[in-house]
Amino acid sequence: MTRYLEGQTAIVTGGMRGIGLGIARRLHSAGAQIVIWDLAVDGWDSVANGFEPVMRQAVNVASLASVEAGFKEVVAQQGRVDILVNNAGINGPVTPCWEYPPAAWDQVIAIDLTGVFYCCRTVIPHMRERGYGRIVNVASMAGKDGVQYISGYSAAKAGVIAFTKAAAKELAQDGVLLNCIAPAMVETGLMAEMTPEHIAASKAKIPMGRFLQIEEIANMVTWIAGPECSFTTGFVFDLSGGRATY
Ligand SMILES: NC(=O)c1ccc[n+]([C@@H]2O[C@H](COP(=O)([O-])OP(=O)(O)OC[C@H]3O[C@@H](n4cnc5c(N)ncnc54)[C@H](O)[C@@H]3O)[C@@H](O)[C@H]2O)c1
Ligand SMILES: CC(C)C1=CC=C(C(=O)O)[C@@H](O)[C@H]1O
């Protein structure tokens, strides 16, 4: 898979840290030029992060205007976008659904689900015009199982899975493939927002008995995001250590 993505341009949302950063680094090592979209893009450390993106843009995925403006600049500078990784996401409150603040619900859906739609809606016409594109949406095992006390997050991630399947069918003859991934828990800032009890319970559900590593996600995404993934679209690739049974 060395330099497998040479000459391609990839946008990674939420790429400043955590899973997004790991995916961006791995796509870069496969030869892709990386555009990072995140809420704040200052303080990039190319030594610590191991590479230099061609662009870093302050883009809020929950704002269509922000996404469209960012994308216009990418096309003006790069001329092409081959890969879109919709990774940006938040957890939201950890609370019973009957106590879930409605404003927080709206925010979780806006970032985790509508943000994916906005980025796809903006980038897909360009990919269709070029007759090539790979979109990888980062869902979660929570979107397949439904996880207690994070109902907004679980609903948004289930929505990402359904959106991916629907859009993939619409694009199946256009050279633009959409897939999503459903990772189990990874030790990032997002996981740290969960209660210790929830984290322990989540680990206990994983037959392999350990947390997922960012590099394992990045390796899988790099294959899905490339031309060797050619006959799979609308699929959910699990990273669950044996937890997922369907
Ligand atoms: N950590 C886990 O256990 C886990 C498991 C499964 C899926 N995921 C998913 O993986 C993705 C990344 O999670 P992570 O653990 O790396 O989280 P993280 O909090 O470490 O990183 C998320 C990144 O997204 C950015 N972001 C947040 N809102 C944004 C917005 N509106 N516009 C642009 N960027 C925004 C943040 O600034 C941050 O850089 C999320 O979609 C998350 O739901 C995480
Ligand atoms: C909120 C986030 C860290 C999260 C919660 C629950 C999960 C699970 O597997 O049950 C994780 O996948 C993760 O998305």
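Quick caveat: nothing in here was measured; it's all calculated off a predicted structure. By convention here, the first residue in the shown sequence is residue 1. One-based numbering, in listed order, for ligands and for the atoms of each.
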Geometric N/O contact V186 with ligand 1, under 3.5 angstrom: yes

Nitrogen or oxygen atoms of N91 and ligand 2 under 3.5 Å apart: no

N/O separation below 3.5 Å, M191 to ligand 1: no

Test of proximity, H198 against ligand 2: N or O pairs below 3.5 Å: no

Short N or O distance, S140 and ligand 1, threshold 3.5 Å exclusive: no

Contact (N/O only, under 3.5 Å) between M191 and ligand 2: no

K205-ligand 2 polar pair, N/O distance under 3.5 Å: no

Within-cut-off N or O pair, V61 and ligand 1, under 3.5 Å: yes

Side chain, backbone, both or neither: the part of V59 lying under 4.0 Å from ligand 1 by heavy atom: backbone

Contact check: W37 vs ligand 1, nitrogen or oxygen atoms, below 3.5 angstrom: no

Part of A142 with heavy atoms under 4.0 Å of ligand 1, whether side chain, backbone, both or neither: neither

K157 contact mode with ligand 1 (heavy-atom cut-off under 4.0 Å): side chain

Protein heavy atom at shortest distance from atom 5 (C) of ligand 2: I150 CD1, 3.5 Å

contact_flag K157 ligand 2 heavy-atom lt 4.0 Å: no

